[in-house]
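See structure below.
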Amino acid sequence: AGRGISRLGTESGLPSQTISAVWEDRQRTLWVGTWGEGLFRQNGERFEPVKLGLSLPEQDSFIRAIYEDAQGQIWVGTRLGGAVCLAASGVKRYDSSMGLEHSDVQAILRDHSGAVWFGTGGGGLSCLREGKLTTLRASDGLPSDFVRVLYEDESQTLWVGTAGGLARVRNGRVVALRMAQGLPDNFISQILKDGRGNFWFGCNRGIFRVVDQELERVADGAVPVMH
C-alpha cells in the first residue's frame, strides 16, 4: 500500500460523503456511519449497506456512534432509533420501549463488568446491566444530560464528556468538573489517555491535556482547581 491520503466515497459504494462515525473492528473491517444514509460495512474494496431493522426508515439513516465490545458485537447509536446491537445471534434493539431515556444515542461503551453505557443527546447516561436499564441525569450529578463521549481508564473509572463539563463515575458516585474547576471549556467531545499519565480532551476551544493525578485530586476535592 502506498502512503498518503486515499479517499473513500461514492465510488466505493458509500451513497453519502457526510460521514458521522467510523470504526475498524478486530477483523480489520471498516464500519462507516453516514448522516442520512445509514450504516455501511467494508467488503473488499467496496462498502455494503447494513440494515438495522428499525421500524421506520429514518431511524436507520442517521448514525451517531459505532462501537465493538470485547465479545465482538457491534453496537450502533442512532439519532432517532436508540441503540442497536449486531450480534451473531441476531439484532437487538434498545429504545424507549426497553427503558432507554432518549432515542438519540451519541456514545456507547461496554465496561470491565460487562455493563453497557449509552450516552444520549438529552436523556443523560443510561446503563444496561443484567438486562435492566437505569439512567443517570443532571439531577444525579451529571454536568449535562447531553452526553458526547465515554471513556473507561485502567482503574475501571468511567469518564463522561458532556455539553456541560466532564464527569467521573466511580462506584455509583458522580463527580462533575467544569470550567470553575479549571477546564478550558465545558463542551467535552473526546477523551483519551496516552499511557504516560495524561488525559487528552477535545473541546470547542481545541485540545487540552491534564495530568491524571491532578484531575483525580480535583475530583476527590483535595484541591479546588486544576492548573
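In this text the structure is predicted, and so the values were computed from the model without any measurement. Keep in mind that the numbers below use all heavy atoms, side chains included, and drop hydrogens, waters and symmetry copies.
Residues Thr157 and Arg170 bring a donor and an acceptor atom of their side chains to less than 3.5 Å of each other.
Between the side chain of Ser12 and the backbone N or O of Leu14 there is no donor-acceptor pair closer than 3.5 Å. The main-chain N or O of Ser126 is never found under 3.5 Å from a side-chain atom of Glu101 such that the two would form a donor-acceptor pair.
For Gln213, the CD atom is loosely surrounded, since the number of other residues' heavy atoms within 6.0 Å does not exceed 12. The number of heavy atoms from other shown groups lying within 6.0 Å of CD (Glu11) is above 12. Counting heavy-atom neighbours within 6.0 Å of Glu24 CD, excluding the residue itself, gives a total above 12. With a 6.0 Å radius and a threshold of 12 heavy atoms from other residues, nucleotides or ligands, Gln71 has its CD atom above the threshold.
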message: I'd like to know whether Asp185 forms a side-chain contact (heavy atoms from CB on, under 4.5 Å) with Phe201, so could you lay out the CA-CA distance, the side-chain angles of the two residues, the decisive distance to 0.1 Å, and finally the verdict.
response: CA-CA 10 Å; Asp185 188 61; Phe201 298 94; over 6 Å; no
- request: Just do the salt bridge (Lys or Arg N to Asp or Glu O under 4.0 Å) check on Asp153 and Arg168 with the steps written out, would you?
  value: CA-CA 11 Å; Asp153 67 19; Arg168 186 185 72 180; over 6 Å; no
- prompt: For Val91 and Leu52, what are the C-alpha separation, side-chain angles and deciding distance, and is it a side-chain contact (heavy atoms from CB on, under 4.5 Å)?
  reply: CA-CA 7 Å; Val91 178; Leu52 300 180; 5.6 Å; no
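At a threshold of 4.5 Å between non-hydrogen side-chain atoms, the residues Phe118 and Leu133 count as touching.
Note on ring orientation: taking the six-membered ring where Trp is involved, the planes of Tyr151 and Phe199 are perpendicular (angle over 60°, cut-offs 30° and 60°).
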